[in-house]
Amino acid sequence: MGKVLIVYATRSEETTGIANLIAEGVRIAGHEADVKKSVEIRDEEDLKGYDGYMFGSATYHGEMITGMKQLLFIAERADLEGKPGGAFGAYGWSGEAAGRIFDTMEHIYNMKMVSSGPLMLKASWVQGGLQAAQQYGKDLAAML
Ligand SMILES: Cc1cc2nc3c(=O)[nH]c(=O)nc-3n(C[C@H](O)[C@H](O)[C@H](O)COP(=O)(O)O)c2cc1C
């Protein structure tokens, strides 16, 4: 059984719902998932011991939330090369955050990323969000 860490930043909790559904998808696929807010990760040791990673943030003013920017600097020191990864986030109209996180995981950490790209949802409960978020978790689980 593999273990996935899902870390996210949110302001009004839409991204929390997406993170929890991704975790459900990982568990349905028979693996373990831990869900944490970005502020809970203090240093690279907190990122160790997992087989796959999902990082997420909502988009505000065209950017990810500051807590996720800090997490990405911590993750740079965590030796994630070759590990399966995905990125996600709630958005309103442009949704830059998920793509920026995804690109950082792929190009800076050299992780093996989910082939469908970043998961962007307006909320976990619209646009087939529930199924899409669970499927995203299953897709990562299949790479473990
Ligand atoms: C002040 C403000 C600025 C925002 N800026 C953007 C933006 O630049 N692009 C975008 O796609 N959504 C933007 N949004 C919409 C949020 O991303 C959206 O409400 C999202 O569901 C919030 O996720 P959260 O609940 O996880 O914080 C903005 C929302 C607010 C309140």
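The residues of the chain are indexed from 1 along the displayed sequence. Read the numbers this way: they start at 1 and go in the same order the structure lists the ligands and their atoms.
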K.L.:
Could you identify the single nearest non-hydrogen protein atom to atom 9 (N) of ligand 1 and state the distance to 0.1 Å?
P.N.:
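For atom 9 (N) of ligand 1, the nearest protein heavy atom comes out as S94 OG, 2.8 Å.
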K.L.:
In the protein, which heavy atom is nearest to atom 5 (N) of ligand 1, and how far is it?
P.N.:
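For this ligand atom, the closest protein heavy atom is H61 N, 3.0 Å.
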K.L.:
Check whether any side-chain heavy atom of I18 sits under 4.5 Å from a side-chain heavy atom of T16, and report yes or no.
P.N.:
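Sidechains of T16 and I18: no contact.
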K.L.:
Is L119 reachable from W125 through a run of hydrophobic residues whose side-chain heavy atoms are each under 4.5 Å from the next?
P.N.:
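Different hydrophobic clusters.
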K.L.:
What atoms of ligand 1 come within less than 4.0 Å of a heavy atom belonging to E14?
P.N.:
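Counting from 1, the qualifying ligand atoms are 21 (O), 23 (O), 24 (P), 25 (O), 26 (O).
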K.L.:
To the nearest 0.1 Å, how far is atom 25 (O) of ligand 1 from its closest protein heavy atom, and which atom is that?
P.N.:
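Sorting protein heavy atoms by distance from atom 25 (O) of ligand 1 puts S12 OG, 2.6 Å first.
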K.L.:
Between ligand 1 and G95, is the shortest N or O to N or O distance under 3.5 Å?
P.N.:
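Right, the criterion is met.
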K.L.:
If you measure every N or O of A9 against every N or O of ligand 1, does any of those distances drop under 3.5 Å?
P.N.:
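Min N/O separation from ligand 1 is not below 3.5 Å for A9.
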K.L.:
Connecting only ILVMFWY residues whose side-chain heavy atoms lie within less than 4.5 Å of each other, what is the rest of Y60's hydrophobic cluster?
P.N.:
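Joined to Y60, directly or through intermediates: I65.
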K.L.:
When you measure from atom 24 (P) of ligand 1 to every protein heavy atom, which one gives the shortest distance, and what is it?
P.N.:
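Checking every protein heavy atom, the shortest distance to atom 24 (P) of ligand 1 gives T10 OG1, 3.3 Å.
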K.L.:
Any side-chain to backbone donor/acceptor pair from R100 onto E63? Under 3.5 Å, distance only.
P.N.:
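Checked: no pair found.
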K.L.:
If the cut-off is 4.0 Å to any non-hydrogen atom of A58, which atoms of ligand 1 fall inside it?
P.N.:
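Those of ligand 1 that fall under 4.0 Å from A58 are 22 (C), 23 (O), 24 (P), 26 (O), 27 (O).
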K.L.:
Enumerate the atoms of ligand 1 whose separation from the nearest heavy atom of R11 is less than 4.0 angstrom.
P.N.:
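What qualifies from ligand 1 is 24 (P), 27 (O), 31 (C).
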K.L.:
Is the shortest heavy-atom distance from the side chain of L5 to the side chain of M54 under 4.5 Å?
P.N.:
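No. Closest side-chain heavy atoms not under 4.5 Å.
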K.L.:
Looking at ligand 1, does K122 have a heavy atom less than 4.0 Å from it?
P.N.:
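Heavy atoms of K122 do come under 4.0 Å of ligand 1.
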K.L.:
Please say whether more than 12 non-hydrogen atoms of neighbouring residues, nucleotides or ligands are located less than 6.0 Å from CZ in R11.
P.N.:
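Open.
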K.L.:
Give me the nearest non-hydrogen protein atom to atom 7 (C) of ligand 1 as residue plus atom name, then the distance to 0.1 Å.
P.N.:
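Checked against all protein heavy atoms, atom 7 (C) of ligand 1 sits closest to W93 CZ2, 3.4 Å.
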K.L.:
Over all heavy atoms of both residues, which pair between G86 and Y136 is shortest? Give the atoms and the distance, please.
P.N.:
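Here G86 and Y136 meet closest at CA-OH, 3.6 Å.
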K.L.:
Under a 3.5 Å cutoff, is there a donor and acceptor pairing between the side chains of N20 and E24?
P.N.:
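No, no side-chain donor-acceptor contact under 3.5 Å.
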K.L.:
Can G62 be said to touch ligand 1, with heavy atoms closer than 4.0 Å?
P.N.:
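Contact present.
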K.L.:
Which Ile, Leu, Val, Met, Phe, Trp or Tyr residues join L21 in one cluster when any pair of side-chain heavy atoms under 4.5 Å counts as a link?
P.N.:
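Members alongside L21: L130.
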K.L.:
Polar contacts were defined as any N/O atom of the residue lying under 3.5 Å from an N/O atom of the ligand; does this apply to T59 and ligand 1?
P.N.:
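Yes: some nitrogen or oxygen of T59 is under 3.5 Å from one in ligand 1.
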K.L.:
Are Y109 and D79 linked by a side-chain donor-acceptor pair shorter than 3.5 Å?
P.N.:
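Note: Y109 and D79 side chains miss the donor-acceptor criterion.
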K.L.:
Evaluating non-hydrogen atoms only, which member of A123, G92, A98 is closest to atom 12 (N) of ligand 1?
P.N.:
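Looking at heavy atoms only, G92 sits closest to atom 12 (N) of ligand 1.
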K.L.:
Among protein heavy atoms, which lies nearest atom 22 (C) of ligand 1, and at what distance?
P.N.:
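Answer for atom 22 (C) of ligand 1: Y60 OH, 3.3 Å.
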